[in-house]
Amino acid sequence: MEFKTFVFYFLSAILVLAGLRVITARNPVHAALYLVLAFFTASGVWMLLQAEFLAIALVLVYVGAVMVLFLFVVMMLDINLDRLREGFWSYLPLGSIIALLMVVEMGLVLGGNYLGLFESSVAQAAAEDSNVQAVGRLLFTDYVYPFELASVILLVGIVAAVALTQRDKRKNKAVSPSQQVFVKARDRVRVLQMPAEKSE
Amino acid sequence: MMVDALQGLLQGLFGAAFPLVWAVLKIVLIIAPLLLAVAYLTFWERKVIGWMQVRIGPNRVGPWGLIQPIADGLKLLFKEVVIPTGSDRSVFLLAPMFAFAPALAAWAVIPFNDTLVLANVNASLLYIMSISSIGVYGIILSGWASNSKYAFLGGMRSAAQMISYEVAMGLALVVVLMVSNSLNLGDIVGAQGRGHFADKGLGFLSWNWLPLLPMFVVYLVSIVAETNRAPFDLAEGESEIVGFHVEYSGMAFAVFFLAEYANMILVSTLASILFLGGWLSPVGFLPDGILWLFLKISAVLFVFLWIRATFPRYRYDQIMRLGWKVFIPLCLVWLVVVGVWMMSPLNIWK
């Protein structure tokens with residue numbers, strides 16, 4: 001077996017196991033950690049495909065930022081582990097429909113080799129350019145408007161999040177640092193001169 | 001050459017497994033001196049701060065106290081690792097490793113000179129950013145797994161601080177990669193060796209620190225905040241506020257500190273490579289070499305220690321204000337300024 005094949009199967013085995021543990025782990029924090037492991041191994045698999053930009057971006061964005069916030073939320077919630085399994089049977093029909101849909105979708109993608117889906121006209125990346133350059137060039141030439149649109153939508157999302165959480169006037173007593181730095185000692189402290197007391 | 005002879009010998013010994021053995025050997029050659037440097041950085045810190053406070057610093061163990069870090073390490077090794085009741089045992093023990101491992105993994109792409117680099121990948125700067133963003137897990141997980149309110153709040157606090165300064169740091173790096181036109185650390189150093197002043201033999205004026213001075217300052221302050229060092233060391237402010245590692249003891253606690261010092265060396269190396277010209281010599285009549293890189297790393301590390309001995313600790317809201325309301329807008333403005341500069345006829349990075 002070639003070394004690359006070995007690495008692929010090694011990473012895939014970890015990926016599948018981690019994915020399974022995400023849905024079977026009882027503790028939500030453990031589930032989130034298995035998801036982190038799954039992302040990390042997936043980025044390893046992408047690295048094998050020489051998609052180094054996507055692989056690094058996956059770690060940077062999903063592992064480094066998204067999952068951290070995810071963990072923040074999961075840790076802050078007061079989750080009762082026993083009540084988490086309640087209502088399993090009532091959710092089962094909806095869940096199985098979604099699962100079936102996903103199986104069909106994955107079947108279509110994975111069967112693409114046989115159904116001739118991949119004989120498309122999408123250009124393969126030039127070999128001498130690095131991944132990052134190729135992606136960057138496409139983003140700023142062919143896809144510049146969708147790219148700008150996506151960034152504006154993200155900006156709106158940021159503003160909306162801030163607006164939603166900061167609706168009331170803030171009631172804390174924090175002093176503005178710009179005023180704080182102008183404080184002089186003589187505004188606050190008064191030095192008294194007192195004659196020394198004499199003992200009798 | 002000796003290296004070739006060794007390579008031949010190993011090739012004969014291991015046959016097909018030779019590339020693996022050779023890679024492991026190179027990794028050991030990077031990690032072992034690094035761990036030694038981490039140990040002696042703690043010693044150097046105590047000495048320097050001692051001198052700055054008109055003390056002598058550690059001077060009892062071995063000549064001039066030189067064996068002190070080893071004694072400290074042994075002491076911590078023999079201490080019991082107390083695991084709190086109700087804590088999540090596996091995550092509790094995993095957290096220090098999460099903090100330490102990224103500081104070592106990032107060294108894979110650090111170049112020491114033109115040819116001396118473990119993995120010369122094109123996206124090395126991106127790799128370092130993504131690997132160092134994993135370090136925050138050690139903090140969050142240790143806070144959560146300790147099963148203690150104080151550790152949990154401390155973990156949240158430190159994690160929020162690291163994420164905030166990562167943004168400013170990332171933006172500063174974006175400016176650097178714009179002017180170097182590359183994500184490869186070796187090419188970034190190479191780009192600093194060209195320019196008006198470098199041709200006149202005054203190379204140190206061509207390095208990125210001068211044309212990108214605001215970004216250099218932002219980067220320097222951000223790396224201090226990113227490594228949770230004074231004056232941003234809320235995690236260690238035991239007198240007023242406690243950090244994520246209150247429940248840790250023995251070696252598990254020591255690993256957090258090893259991670260802090262290893263991270264310090266890593267970010268100092270990055271600062272030297274990105275802004276201070278890496279292994280390039282500051283003046284034309286001296287040769288370039290790895291020695292310059294080590295000298296620059298030591299200088300940046302000294303600044304870390306100097307800052308710690310000088311400044312009082314920041315308050316948490318002041319830290320967040322500095323990161324979000326001062327550094328990030330400054331970086332965004334400077335990003336546009338450099339972009340316009342590069343498009344104008346005054347462009348110096350051709």
Side-chain angles (χ1 to χ4, degrees), chain A residues 2-3 6-7 25-37 39-40 43 47 50-77 128-136 158 162 170 172-178 180-181, chain B residues 16-17 19-20 88 90-91 94-95 98 101-102 105 109 119 121-141 143-145 147 152-153 155-156 159-160 162-163 166-167 170 177-178 181-184 187 314-322 324-326:
Chain A
E2 210 184 334
F3 184 63
F6 166 74
V7 173
R26 279 184 66 81
N27 192 327
V29 174
H30 289 181
L33 285 177
Y34 279 114
L35 192 55
V36 170
L37 179 63
F39 279 137
F40 203 79
S43 105
M47 200 71 104
Q50 298 186 328
E52 80 251 15
F53 177 71
L54 278 181
I56 294 175
L58 181 72
V59 174
L60 189 65
V61 175
Y62 281 89
V63 176
V66 173
M67 286 314 293
V68 172
L69 296 180
F70 223 90
L71 271 177
F72 263 33
V73 174
V74 172
M75 287 173 178
M76 294 274 218
L77 292 177
E128 56 277 13
D129 268 8
S130 81
N131 244 265
V132 185
Q133 273 172 329
V135 171
I158 296 172
V162 173
R170 294 207 301 158
N172 65 12
K173 295 176 182 167
V175 189
S176 148
S178 51
Q180 243 171 350
V181 290
Chain B
L20 198 68
D88 194 316
S90 52
V91 179
L94 204 65
F98 257 118
V109 296
V121 294
N122 272 327
S124 47
L125 188 60
L126 210 58
Y127 169 83
I128 286 196
M129 280 164 80
S130 76
I131 285 293
S132 55
S133 72
I134 296 174
V136 72
Y137 279 99
I139 289 172
I140 304 183
L141 292 180
W144 177 77
N147 191 29
F152 183 56
L153 290 174
M156 289 281 162
M162 280 182 78
I163 293 174
E166 229 161 63
V167 180
L177 72 92
M178 258 168 69
N181 201 13
S182 170
L183 276 169
N184 187 316
D187 293 348
Y314 263 74
R315 217 172 51 209
Y316 189 65
D317 62 314
Q318 293 168 333
I319 293 180
M320 286 316 228
R321 176 181 168 275
L322 185 69
W324 288 100
K325 293 190 181 170
V326 179

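Quantities reported herein were computed from a predicted structural model and do not represent experimental measurements. The chains referred to below are lettered A, B, ... by the order of the sequence lines, with proteins before strands, and numbering in each begins at 1.
For the atom pair NE2 (A:His30) and CG (B:Asp88), the distance works out to 3.5 Å, reported to the nearest 0.5 Å. In this structure, CD1 on B:Ile140 lies 9.5 Å from CE on B:Met162, to the nearest 0.5 angstrom.
Using cut-offs of 30° and 60° for the angle between ring planes, the A:Phe39 and A:Tyr62 rings count as tilted.
In this structure, chain B has a heavy atom under 4.5 Å from the side chain of A:Val36, while its backbone stays farther away. Of the two parts of B:Tyr137, only the side chain, counted from C-beta on, holds a non-hydrogen atom closer than 4.5 Å to a non-hydrogen atom of chain A. Of the atoms belonging to A:Leu58, not a single heavy atom falls under 4.5 Å from chain B. For B:Leu126, the parts sitting under 4.5 Å from any heavy atom of chain A are the backbone and the side chain alike. Proximity to chain B is limited to the side chain of A:Leu71, based on heavy atoms less than 4.5 angstrom apart. Heavy-atom distances place the side chain of A:Val132, and not its backbone, under 4.5 Å from chain B.
Residues satisfying the ring-ring contact (aromatic ring centres under 6.0 Å, His included) test with A:Phe70, not counting sequence neighbours, are none. Applying the ring-ring contact (aromatic ring centres under 6.0 Å, His included) criterion to A:Phe53, with sequence neighbours excluded, gives no partner residue.
Note: B:Leu141 leads B:Leu141, B:Val121, B:Val136 in heavy-atom pairs under 4.5 Å with chain A. Taking chain A as the reference chain and counting heavy-atom pairs below 4.5 Å, the highest number among B:Met129, B:Met156, B:Gln318 is found for B:Met156.
Within 6.0 Å of OH on B:Tyr314 lie no more than 12 heavy atoms contributed by other residues, nucleotides or ligands.
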